[in-house]
Structure formats: C-alpha cells, structure tokens
There are 2 protein chains.
Amino acid sequence: MPRPREFDEDRVVLAVRDAFWDQGYAATSMDDLLRVSGLGKGSLYGAFGDKRRLFLRVLREYDDANLRGLRERLGSAARGVDMVREFVLGVADDPTGAAARRGCLLANSTAELATSSPDVAAEARRSYEAITAILTEALERAQREGDVDPDAYAAEVARAVLAAQLGVVALGRTGMDVAVLTEVARSALARLLPAPSP
Amino acid sequence: MPRPREFDEDRVVLAVRDAFWDQGYAATSMDDLLRVSGLGKGSLYGAFGDKRRLFLRVLREYDDANLRGLRERLGSAARGVDMVREFVLGVADDPTGAAARRGCLLANSTAELATSSPDVAAEARRSYEAITAILTEALERAQREGDVDPDAYAAEVARAVLAAQLGVVALGRTGMDVAVLTEVARSALARLLPAPSP
DNA sequence: CGAATTGTTGACCGTACCGTCCAGAACACC
DNA sequence: GGTGTTCTGGACGGTACGGTCAACAATTCG
C-alpha cells in the first residue's frame, strides 16, 4: 500500500559521506546534506533521522566497507606480508596526493569528535580492533610463509603496523609531498617487519 | 594616553586553546570563547580579530611551546635515545588516560581542518618538519652514544618515529586502554630503533 | 583639569542553523 | 475507483551563529 521511495539509500549514504569527509561533521550543514543528496527535508529526516544519527550510520557503513576490503585483500594477496605492506603503502598510493590529503573518514572523525561523542570513540575502537585482528592474521600467515620472523609476537607487530599507518594517514593530511610520504611508509615498514634470520 | 588592558593575553590564549582543544574548531562558538576568556565581545575582537585569526594564533603558540619543550628535553636528556623514547611513550604517560583521550591540538586540528584551511595544513607541515629535525638530531646523538645503529639513516628513522607517535596519538584518542596504548608505543619503539650490533 | 587615545561592554543585525510539521502526491490493494 | 499508507517538498519556528558598532570608562599627557 505504501508509496515507494524515490531514492536509493546507498547513493544517499555515499553522497553524504563525501560531504562529511571533505568538510568534517560540524562544518557540514543539513542544507549541505540536502543539496548533495538531492532529497527534501522530510525524506532525509524520515529515512535517516537527525544529523547525528545519519552521521553515525555513514561512519559505520564506511568502516564496514573498509573492513570488508581489508579481508578481501588478505584473501587475495599472494603472500600475507603483501597485504600488510599494501595496508601502509596504500595511503600514499595516489600520485596526485589527493587521497592522502583527504585522509580517512574514521581518523578525521575520531580526531574531531572523540571527546564529545562516545559513540564515535567506541566505533573507532571497534574498527581498530578489527583491523588489528586482520593484520595479526596476515602477519601469522607471513610467518608461516617465511617472510616475517616467526619469533615475533604477531599481534604486537600488528598494533605497531596500525600505529604506523595511522601516523602516515595523519602526515598525509598535511599535504606533504607524496614521494616523501611514501618514503616514510616504506622506512617504517622496513623496520616494523622483522625479516627472518636466513 | 591609552587605557590599559584589563586582561592578560597569554591567559586568554590558554583558555581559548583549551576550549578549541576539547570541542574542536567548528563546534566552539564565539560565546564559548567569551565565557572561558571572561572578555566582552569588543575586547576579544579588538585584541585577536575574528574566530579564525584567534584560532590560528592559538595553534601557532601551541606549536611553538611544543617545539620549545622538545628542544629542552633534548638538551636535558641524559642520552639522545631517551628523548626519542619519551617523545613516543609520553603520549600514554597519564595513567588516567585523560591526556591520551585529549590527544594533540595540532593533530586534532589538522584532521578537522586541513582540507578547508590551507593555513592549518601549512602550520602542520611546518611543525612536523621541525619535530623531524629535532628527532634527527636526537637520533644522531644516540648513534654517537652507541644506543642506535650508526649505519641507520637518522632522518629516515626520525620520520618513522614521528609517524609512530602520531599513530599512538590517534589511537589514544579512541579511549583505548592506556596499558595497551603504552604497549603499542613500546613495541613500535623497540622495532624502530635499531640496536647497534654488539 | 581637559584633550586624546585606547579598552570595555553589550545591544544589535542579518543570517544560517537544526528540526518539526503539514498539505499534497504516489503507489498498493480491494 | 476508492481507501489507506507512505513518501515528498517546502514553509515555518525558535534559536544560536559570527561579527559590527556606538556609547561609555580608564588612562596618559599637556
């Protein structure tokens, strides 16, 4: 009996995500969101609730997509160590530097909102723990494959790798030269992944 | 001939800094700043200009104080490597975790504003380059003192250490357990600072 | 004491904010 | 075709926003 939706929820979430990503949460107005989504006020509020709820949904979907992508890359990587390296080096992959300047929506949001919004902080913990688990798995595989020192504690290395990646993300946001950024990622990786004694 | 100021500029800058630090730039209103500074509107605008100018001044003074502190610690450290270790471990120093949750004003601001404000991005580049230089000096001293592999390229290690510290700062902001955060810092340091072959 | 200069206060302006609400439109089912 | 249900668009309200301004206060110098 009901009237059907005229819009695709996923498209709206993506459009809204980009707005939050580029401007930050507080600096993005509801008018901005209406503009980029193309919806009217009643539709947006009816389908997603207020600004805060919409943002949290966008953030969760962003994180979930991100985790799915990492698991896929782990599954398809030739070697476990490749996935770990790509995780860090990928931050500086775009030669124009645009992706690095944009950074990560989760990292940006955590920095902006963690103090005032426990939900965002909790989401960040959830996401980073999941990433750590994936990296740990990748590193354990790398140990079996002989690419990483089997005596290292994989979970500990995973956390250090995550920290390094987050640092590279933070540096990328400053707009520093992409070549230098790549060098930072490369040198951090070289030291964090202990090579097996031959 | 003029009427003297009734307030201390430095106190105002510190109070305003705390407001921006805790709430972020966009979420802090001019009314908030008037409240925490205790000034009237005319005084604040007369002495510091608009919100944006005031923020940039606060950020610059924060950075300068930060760099001064690092140089002092380098000067007073018993060994160069101690200063480097303290730089990373200090993030998780507060056992209550409050300092870690608060994070770094520069890192928070860069994540929130780098896209929309070139001034903030430039300030971040300036600050991180200066920190890299200080860390490089500390690491070169550590090499002379026999605490770090003399064959390592100090500037490269310095950049990796900075990335690791920024990563720990980012993780700290999520409110994760301080003990775990300390372990992350410790394990990253252990791998980033190549010990000299004995 | 008077003139000149700067600091202070808070009223005021126009705008933009977020969220609600309602009248009408579009469909499904009978 | 009628009825019930949801969706849509925009008008509307109350508030808070950043910033300006003018009147008044405090001081220094002549």
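The chains referred to below are lettered A, B, ... by the order of the sequence lines, with proteins before strands, and numbering in each begins at 1.
Across the protein-nucleic acid pair, Tyr25(B) atom OH and dC17(D) atom P stand 13 Å apart, rounded to whole Å. The distance from atom CD of Glu6(B) to atom C1' of dT6(C) is 12 Å, rounded to the nearest whole Å. In this structure, Lys51(A) places its NZ atom 13 Å from C1' of dA16(D), rounding to the nearest Å. The CE-P distance, from Met30(A) to dC17(C), rounds to 11 Å in whole Å. For the pair Leu54(B) CG and dG18(D) P, the computed distance is 12 Å after rounding to whole Å. Put simply, CG on Leu44(A) is 14 Å from P on dG10(D), counting in whole angstrom units. The separation between Leu34(B) atom CG and dA16(D) atom P is 15 Å, rounded to whole Å. Rounded to whole Å, the distance from CG on Asp31(B) to C1' on dG18(D) is 9 Å.
Under the 4.0 Å criterion applied to side-chain N and carboxylate O atoms, Arg141(B) and Asp82(B) are not assigned as salt-bridge partners. No salt bridge links Arg60(B) with Asp63(B); every basic N to acidic carboxylate O contact stays at or beyond 4.0 Å.
Residue-level contact check: Ser43(B) touches the bases, meaning some heavy atom is under 4.0 Å from a base atom. When heavy atoms are screened at a 4.0 angstrom cut-off, Gly42(A) is found touching base atoms of the nucleic acid.
Residue Tyr45(B) has its side chain nearest to dG19(D) when only dT9(C), dG19(D), dC18(C) are considered. Closest to the Arg5(A) side chain, of the nucleotides dC18(C), dC7(D), dG19(D), is dC7(D). Residue Lys41(A) has its side chain nearest to dC12(D) when only dC17(D), dC17(C), dC12(D) are considered. When distances are taken from the side chain of Phe7(A) to each of dG19(D), dT8(C), dT8(D), the shortest belongs to dT8(D).
Side-chain atoms of Arg173(B) and Thr115(A) form a donor-acceptor pair, as typed in the model, at a separation below 3.5 Å. Between the side chains of Thr96(B) and Asp94(B), at least one donor N or O sits under 3.5 Å from an acceptor N or O.
With Thr136(A) contributing its side chain and Thr132(A) its backbone, the two residues share a donor-acceptor pair below 3.5 Å.
Contact annotation: Ser29(B) does not reach the phosphate of dA16(D) (side-chain N/O to OP1 or OP2, under 4.0 Å).
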